[in-house]
Amino acid sequence: MARSATSARGGPRERDATQGGGDEANADGASAGPPALAVEGLTKRFGEGDDAVVAVDDVSLSVERGSVVGLLGPNGAGKTTLIKCALGIVIPDAGSVRVFGTDVRDGRRAAYADVDAMLEGARNDYWRLTVRENLRYFATISGVDPDSVAARHERLLDRLDLADKADTPVRDLSRGMKQKVSLASVLAGGAELVFLDEPTLGLDIESARTLRAELRRLAAEEGLTIVVSSHDMTTIEAVCDRVVMLSNGRIVADDTVEALLGAAASDAVRVASPDLTPETVAGLRERFEVVGVDREATPPAVTVAAGGDRLYDLTDALRAAGVTVSDIRTVQPDLEEVFLERTGSGLGGASQ
Ligand SMILES: Nc1ncnc2c1ncn2[C@@H]1O[C@H](COP(=O)(O)OP(=O)(O)OP(=O)(O)O)[C@@H](O)[C@H]1O
């Protein structure tokens, strides 16, 4: 066995922690009752004096049942620490955490009964057991009769493209498949709130797409509440109803994906032309904010912040510089741009 999977009822499970109840989640995703997660004034500091790092700085947020909320931020923004505080793995210096209405300080066991987590790609599956045996095992330590959730397991195997590997020992699977088994194991017992820290880390494009689709389905059809952290904005954009952007431990934006993208300035224009030489681009830089240059493209392209009337100035400048435009289009804002606008720095180019 890879690692002991102690059932630690009373604490949330990161693969080897606990989960209670086997009830199917609320099928319509209705948000009756208290939120799945309510965090108030959460603060966590590491270190002392000049070396102190405030990893989570007075963060408050609420996650409704059946919703998918993404935590988006660059390396070191505080995503993992926030999740670990919410799970009671890291004890915050200040603030409170309520899970399905229960303050975790009043009773960890009750608070985390329906919670599970996959932290940093959870690698704790039992490699000598087959995929299906892992699912049955993790359902069992969740206090669920594996036979009663066999249909759920088959569906998970099917949806995550693991069906033909169901009877293969996990050790014989590729890394991406192992990661999908980890996710399936997290979901095997019927948790109602799951935390997924970087679930697509290291997955190939196809596997990441499959995983994203399954997460959406679980939320939409089974009312699962998901808190997913990533610096991969593709995952966040595709999966989440709402995005909480973190920078230096603080929330810099908290809204639906649509609202965040809608509010972002969409004044960038991409111009493609075979005449875009380093000299013509340098000329443009003198008058405009050049956001990016793509010399590898055929023809080369330049992205310029030139919305509204500035667009006419740009086309005039291009004409004057003898640049014949092959293609010109506005650039749709993405979450990276939203983050940039709010913080002045990027997400670290970490999208997959
Ligand atoms: N156990 C620890 N001891 C000291 N500092 C820590 C510890 N855990 C996290 N930190 C610091 O807290 C800050 C937030 O880290 P955290 O891992 O929560 O960020 P993150 O957004 O999850 O980053 P990543 O995307 O790289 O996982 C960082 O500056 C990190 O170095």
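Bear in mind the structure is a predicted one, so any value in this text is a computation, not a measurement. These numbers come from the heavy atoms of this one structure, side chains and all, not from hydrogens, waters or symmetry mates. Whatever order the structure lists ligands and atoms in, that order sets their numbers, starting from 1. Sequential numbering from 1 along the given sequence is applied to the chain's residues.
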Q) Same hydrophobic cluster for Val90 and Val194, using side-chain heavy-atom links shorter than 4.5 Å among ILVMFWY? A) no
Q: Can you run down the salt bridge (Lys or Arg N to Asp or Glu O under 4.0 Å) pairs that involve residues 37-60, sequence neighbours left out, and say none if there aren't any?
A: Asp57-Arg250
Q.
Looking only at side-chain N and O atoms, does Asp145 offer a donor or acceptor that is under 3.5 Å from a partner on Ser148?
A. no
Q: Would you indicate whether Asn248, at its atom CG, is surrounded by more than 12 heavy atoms from other residues, nucleotides or ligands within a distance under 6.0 Å?
A: no
In a simple table, one pair per line, please give the protein and ligand 1 atom names for every N or O pair closer than 3.5 Å, along with the distance.
from	atom 1	to	atom 2	distance (Å)
ligand 1	18 (O)	Thr81	N	2.9
ligand 1	18 (O)	Thr81	OG1	2.5
ligand 1	19 (O)	Gly78	N	3.1
ligand 1	21 (O)	Ala77	N	3.0
ligand 1	21 (O)	Gly78	N	2.9
ligand 1	21 (O)	Lys79	N	2.9
ligand 1	21 (O)	Lys79	NZ	2.8
ligand 1	22 (O)	Thr80	N	2.8
ligand 1	22 (O)	Thr80	OG1	2.7
ligand 1	23 (O)	Gly76	N	2.8
ligand 1	25 (O)	Asn75	ND2	3.3
ligand 1	25 (O)	Lys79	NZ	2.8
ligand 1	26 (O)	Asn75	ND2	2.9

**Q.** Nearest non-hydrogen partners of Arg105 and Ser96, listed with the distance
**A.** NH2-CB, 3.2 Å
Q.
As a test of understanding, state which of Val338, Val252, Val243, Val244 forms a side chain to side chain contact (heavy atoms under 4.5 Å, CB included) with Leu72.
A. Val243
